[in-house]
Amino acid sequence: MSFSLVGRWTLTFWLETLLVGASLMMLGWMTAGFGALLFFCLAGCLLLIAGSWLYHHGGRHTVLHLLLYPFVLGVGVLSFVLYGSWLIALALAGVFFWRIQGAAANGISHVSLLRRFVLAFMVCLLQLVVAALYGTAVHPDTFSPAPYFGMLALVTGSYVLIAIGAYLLREEALPIRLPARLRLLLAGQVLTTRLLLTVGYVAAASALLGILALLWSWVKGPLGTGLYMLIEPVLQKLTEWISGLSQVLDKDQRVHHALNNDGQGGNLPLDPVSQGEPLFSLLEPYLIGLAVVVSLFLLGRYMWKRRNRQGQAEQKAAAPAMDLAPLPPSTEGEAAAEWDVSKWFQKPFGPTDDATRYAYFRFLQTMDKQGVTIHPHETTQEFLQRLQKHPALTAVQLELAGKITAFYEQYRYLERPLSQQELAEMQQAVQALVAYGQTSDPGG
């Protein structure tokens with residue numbers, strides 16, 4: 001396990017623990033605040049890294065694989081001790097086990113990191129809005145939005161640092177190793193540009209919020225006065241209607257008898273309603289049992305489908321081969337040669353078969369001699385983009401490579417056959433590229 005792999009795991013786990021912690025705070029299972037969220041992220045990230053390490057090395061060591069399950073159980077017990085709910089403990093243990101498996105199987109990308117950041121930021125922003133509306137209305141003297149701003153600052157700062165870390169720990173690298181001074185210079189330039197960009201965003205957001213606050217201070221007084229002038233007549237009419245209704249009811253003696261219970265028996269004692277346990281606590285064991293049953297059903301269905309798929313594959317492999325009668329040999333010599341498939345496959349692949357594809361094949365051979373080999377998963381455009389980033393290739397070679405790629409894509413993907421002139425130009429470009437490589441590397 002390399003340092004780069006552990007670093008990429010840490011970046012992903014940190015944003016995911018931010019999202020889970022903010023969600024727990026929004027649901028009321030944790031106290032909202034900068035310190036509580038930071039502690040939860042540190043503890044959760046360390047546990048996820050340790051679990052991923054056990055899962056990663058468990059494929060080669062049986063002891064580590066067996067230690068993984070008590071570790072997940074310990075996470076569930078710790079969640080129950082902290083939050084006092086078996087349902088929350090089961091959910092956190094399930095999410096924990098799912099993420100340590102997903103992190104080992106899936107890589108990270110800028111899009112996935114951005115998605116996690118946006119979700120965590122929106123959850124924290126929603127808490128700020130709800131707390132501001134409720135706190136200013138119920139406790140205007142004691143309400144303070146500082147904890148929620150601290151959470152937003154933690155999420156934003158984490159994403160900025162994680163974006164820089166993802167760039168430094170990326171899997172793609174140059175085919176050559178740069179000197180230490182040049183690497184430090186590039187790292188400093190990247191860090192400086194990211195910091196300047198962050199400062200610019202913060203300054204722009206602060207200016208926008210300041211302008212909105214200034215506009216609100218101007219509009220708040222006239223807007224409140226206008227709304228009061230619009231609503232005041234409605235409230236006065238409603239007050240007059242309620243006063244008239246109370247006077248009418250006050251004159252009716254039947255209302256007095258009903259309210260004073262005149263002519264009725266004595267007041268019957270009312271049995272106090274027993275509060276008992278809350279409904280959620282009563283249903284919690286049944287919800288846990290339902291979740292376990294659904295999980296077992298899904299796991300059994302997955303195992304059955306996988307076993308059934310393997311059985312079908314074995315049946316296909318064990319199916320008896322069909323007995324096919326050989327074709328009668330033809331009396332004509334040319335027809336007999338066409339039916340000889342082994343001889344047809346032994347034909348050398350050359351210009352007489354497909355001149356365009358052969359020219360591109362020679363181009364790939366030339367690039368392989370230059371130290372750049374096309375990967376099986378790469379398209380022609382991806383291979384050309386990788387050639388353009390290669391430091392050992394000159395502008396002339398890149399121009400010839402682009403010309404050859406364009407001709408090949410026209411023939412291969414656009415299904416437009418090359419004319420004689422275009423085919424000649426493509427072959428000349430390949431010859432020029434081969435000759436250029438021989439002259440630039442006379443010892444090769």
Compare every heavy atom of [Y] with every heavy atom of [X], then report the nearest pair and how far apart it is.
| X | Y | value |
| --- | --- | --- |
| Ala89 | Gly76 | CB-O, 3.3 Å |
| Ala32 | Met151 | CB-SD, 4.0 Å |
| Ala355 | Gln427 | CB-NE2, 3.9 Å |
| Leu67 | Leu54 | O-CD1, 4.3 Å |
| Gly33 | Met25 | O-CE, 3.7 Å |
| Val430 | Ala359 | CG2-O, 3.6 Å |

Taking everything shown except [X] itself, do over 12 heavy atoms lie less than 6.0 Å from its [atom1]?
| X | atom1 | answer |
| --- | --- | --- |
| Gln420 | CD | no |
| Glu232 | CD | yes |
| Tyr413 | OH | yes |

Just wondering, do [Y] and [X] contact through their side chains at under 4.5 Å, heavy atoms?
| X | Y | answer |
| --- | --- | --- |
| Phe71 | Leu47 | yes |
| Ile242 | Leu238 | yes |
| Tyr159 | Val155 | no |
| Leu19 | Phe117 | no |
| Thr380 | Leu384 | no |
| Val77 | Phe80 | no |
| Gln410 | Thr356 | no |
| Val372 | Arg386 | yes |

Interatomic spacing from [atom1] in [X] to [atom2] in [Y] - rounded to 0.5 Å:
| X | Y | atom1 | atom2 | result |
| --- | --- | --- | --- | --- |
| Phe96 | Ser52 | CZ | OG | 7.0 Å |
| Leu24 | Thr17 | CG | OG1 | 11.0 Å |
| Ile404 | Glu399 | CD1 | CD | 11.0 Å |
| Met426 | Leu418 | CE | CG | 7.0 Å |
| Phe97 | Leu92 | CZ | CG | 15.5 Å |
| Leu433 | Arg362 | CG | CZ | 10.0 Å |

**Asked** Would Met30 and Tyr83 satisfy side-chain contact (heavy atoms from CB on, under 4.5 Å), going step by step from the backbone distance to the final call?
**Response** CA-CA 8 Å; Met30 287 177 56; Tyr83 305 110; 3.5 Å; yes
**Request:** Could you tell me how the ring of Phe383 sits relative to the ring of Phe363: parallel (under 30°), tilted (30 to 60°) or perpendicular (over 60°)?
**Result:**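 Aromatic pair Phe383/Phe363 classed perpendicular.
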**Request:** Would you please classify the geometry between the His375 ring and the His377 ring as parallel, tilted or perpendicular, with 30° and 60° separating the classes?
**Result:**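 Aromatic pair His377/His375 classed parallel.
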**Prompt:** For Gln381 and Gln385, does a side-chain donor sit closer than 3.5 Å to a side-chain acceptor?
**Reply:**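 Note: Gln381 and Gln385 side chains miss the donor-acceptor criterion.
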**Message:** side-chain contact (heavy atoms from CB on, under 4.5 Å), that's the test. Do Leu298 and Val294 meet it? Break it down for me.
**Reply:** CA-CA 6 Å; Leu298 294 177; Val294 171; 4.1 Å; yes
**Request:** Could you check Gln397 against Gln370 for side-chain contact (heavy atoms from CB on, under 4.5 Å), going step by step and ending with a plain yes or no?
**Result:** CA-CA 11 Å; Gln397 289 177 305; Gln370 295 289 330; 4.0 Å; yes
**Asked** Is there a donor-acceptor contact under 3.5 Å from the side chain of Arg412 to the main chain of Arg357?
**Response**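 Side chain of Arg412 to backbone of Arg357, a donor-acceptor pair under 3.5 Å: no, none is there.
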**Prompt:** Any donor-acceptor pair under 3.5 Å linking the side chain of Gln127 with the backbone of Ala22?
**Reply:**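 Such a contact is found between Gln127 side chain and Ala22 backbone.
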**Message:** Leu73 vs Tyr69, test: side-chain contact (heavy atoms from CB on, under 4.5 Å). Steps then yes/no.
**Reply:** CA-CA 6 Å; Leu73 179 62; Tyr69 300 102; over 6 Å; no
